[in-house]
Amino acid sequence: LVGGAVRDKVLGRSSKDLDFVVVGATPQYMEFLGFDQVGADFPVFLHPVSKDEFALARIERKTAAGYHGFEVDFDTSVTLEEDLVRRDLTMNSMAIEVDPKILKTGEMVYKNASVNDIIDPFGGGDDARAGILQHTSEAFAEDPLRVLRICRFAARYNFEIATETLLLMQEIVDSGEMDALPEERVYAEFEKPVHMYKSTVVPGIVKEWQNNDPGRGHVAGYELEILHLGLPFMSAFMKPGKGGWGRELADSLANYDNMA
């Protein structure tokens with residue numbers, strides 16, 4: 001078990017989405033067990049009973065700009081730690097070993113139920129409990145969508161972004177890599193309420209990526225817009241002539257769940 005479910009377990013929260021990494025298996029073996037492969041680019045499979053996602057442990061290497069500019073290696077020799085190190089944040093780079101019978105039954109049973117038995121090679125548990133969003137490795141910069149995702153995490157959990165991670169995010173923006181993002185990936189980050197207005201660091205991160213271009217997916221009821229004048233402008237916009245500060249402004253912002 002990897003990803004958000006492990007993070008939420010550490011934080012004492014419930015989680016509906018379960019994602020698994022399988023070490024030492026092949027696509028042929030997964031298909032033999034009845035799994036359905038999702039997409040052609042990555043070795044991700046749906047369990048025939050539970051419909052949970054099972055991905056083969058993999059290594060990704062950046063080869064070109066954009067979302068598809070990766071070379072993926074999912075050889076059976078890839079280790080769990082090699083898979084975890086490519087993930088975005090330390091708090092998302094943890095795992096819990098489960099009984100391998102899950103591959104056949106779809107039923108998850110922990111080998112060890114204690115939080116102390118979590119596999120945590122990068123200190124994600126400590127970062128999560130401290131409320132810090134820290135990138136796992138320099139591989140973070142290989143996927144520019146992570147800039148938006150970290151902003152969303154900061155607002156969702158009210159966590160602080162580590163200084164070195166913040167600087168890396170700004171480098172990604174300055175590099176122009178975000179222009180290569182497919183519109184469907186941009187939209188997906190805002191499909192659910194993101195409450196980015198709760199995070200005071202967001203404008204400083206994404207201020208350079210400002211064009212609202214319908215061709216890039218910033219439509220369909222959701223708008224990604226950076227307010228260069230900040231909260232004073234927002235206050236005047238929402239409550240003309242009244243100032244709009246305090247509870248009135250907070251209540252108004254709360255009505256814009258998908259606002260960045």
Side-chain angles (χ1 to χ4, degrees), residues 2-13 15 17 19 21 58-62 65-67 69-70 80-95 118-182 185-186 188-190 192-210 224-228 230 258-260:
V2 296
V6 183
R7 175 196 68 228
D8 290 341
K9 182 176 177 64
V10 169
L11 294 173
R13 306 183 182 201
S15 182
D17 297 325
D19 297 306
V21 161
R58 66 182 186 263
I59 299 173
E60 297 174 359
R61 301 179 183 87
K62 187 77 169 176
Y67 176 51
F70 287 92
L80 176 62
E81 186 167 330
E82 287 175 324
D83 181 276
L84 294 177
V85 75
R86 68 176 176 77
R87 295 173 183 268
D88 53 4
L89 297 171
T90 57
M91 70 176 191
N92 292 333
S93 301
M94 300 182 287
I118 287 177
I119 301 168
D120 184 12
F122 308 106
D126 289 339
D127 286 340
R129 285 184 284 268
I132 297 175
L133 300 176
Q134 170 74 56
H135 65 282
T136 304
S137 70
E138 294 304 307
F140 177 93
E142 295 180 353
D143 185 356
L145 187 70
R146 288 172 171 173
V147 172
L148 296 181
R149 185 170 298 150
I150 299 317
C151 295
R152 184 162 57 81
F153 274 128
R156 176 183 176 186
Y157 292 103
N158 196 24
F159 279 8
E160 178 183 349
I161 302 176
T163 300
E164 54 268 37
T165 302
L166 203 56
L167 292 173
L168 184 56
M169 293 166 74
Q170 188 62 61
E171 289 178 13
I172 296 171
V173 172
D174 293 341
S175 72
E177 269 281 306
M178 297 186 74
D179 294 332
L181 286 173
R185 294 195 77 208
V186 174
E189 288 301 311
F190 298 91
K192 296 179 181 179
V194 290
H195 303 294
M196 279 193 178
Y197 56 84
K198 294 181 181 178
S199 178
T200 57
V201 299
V202 173
I205 297 170
V206 296
K207 64 181 180 182
E208 302 298 332
W209 195 44
Q210 57 190 287
L224 176 63
E225 180 181 12
I226 304 307
L227 300 173
H228 296 280
N258 296 78
M259 183 178 68

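These numbers were taken from a predicted model, which means no experiment stands behind them.
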Under the side-chain hydrogen bond (donor to acceptor under 3.5 Å, both in side chains) rule, what do Arg7 and Tyr157 come out as? Steps first, then yes or no, please. CA-CA 12 Å; Arg7 175 196 68 228; Tyr157 292 103; 2.9 Å; yes
Can you tell me how far the [atom1] atom of [X] sits from the [atom2] atom of [Y], to the nearest 0.5 Å?
| X | Y | atom1 | atom2 | answer |
| --- | --- | --- | --- | --- |
| Arg152 | Leu148 | CZ | CG | 9.5 Å |
| Asp126 | Thr90 | CG | OG1 | 9.0 Å |
| Leu167 | Ile161 | CG | CD1 | 11.0 Å |
| Ile119 | Leu84 | CD1 | CG | 7.5 Å |
| Glu60 | Asp83 | CD | CG | 8.5 Å |
| His135 | Glu164 | NE2 | CD | 6.0 Å |

Closest approach of [X] and [Y], non-hydrogen atoms and distance?
| X | Y | result |
| --- | --- | --- |
| Asp88 | Phe153 | OD2-CE1, 4.1 Å |
| Ala139 | Arg146 | O-NH1, 3.2 Å |
| Val10 | Ala128 | CG1-CB, 4.4 Å |
| Thr136 | Val85 | CG2-O, 3.8 Å |
| Met94 | Gly124 | SD-C, 3.7 Å |
| Met169 | Val147 | CE-O, 3.3 Å |

Does any non-hydrogen side-chain atom of [Y] lie less than 4.5 Å from one of [X]?
| X | Y | value |
| --- | --- | --- |
| Val21 | Leu80 | yes |
| Leu133 | Met91 | yes |
| Arg87 | Phe122 | no |

With no hydrogens and no angle check, is any side-chain donor or acceptor of Asp120 less than 3.5 Å from a backbone partner on Gly125? yes
May I ask you to decide if Gly3's main-chain N or O and Asn92's side chain share a donor-acceptor pair within less than 3.5 Å? no
Test side-chain contact (heavy atoms from CB on, under 4.5 Å) applied to Phe159 and Asp127, step by step: CA-CA 10 Å; Phe159 279 8; Asp127 286 340; over 6 Å; no
So does Glu160 have more than 12 non-hydrogen atoms from other groups sitting under 6.0 Å from CD? no
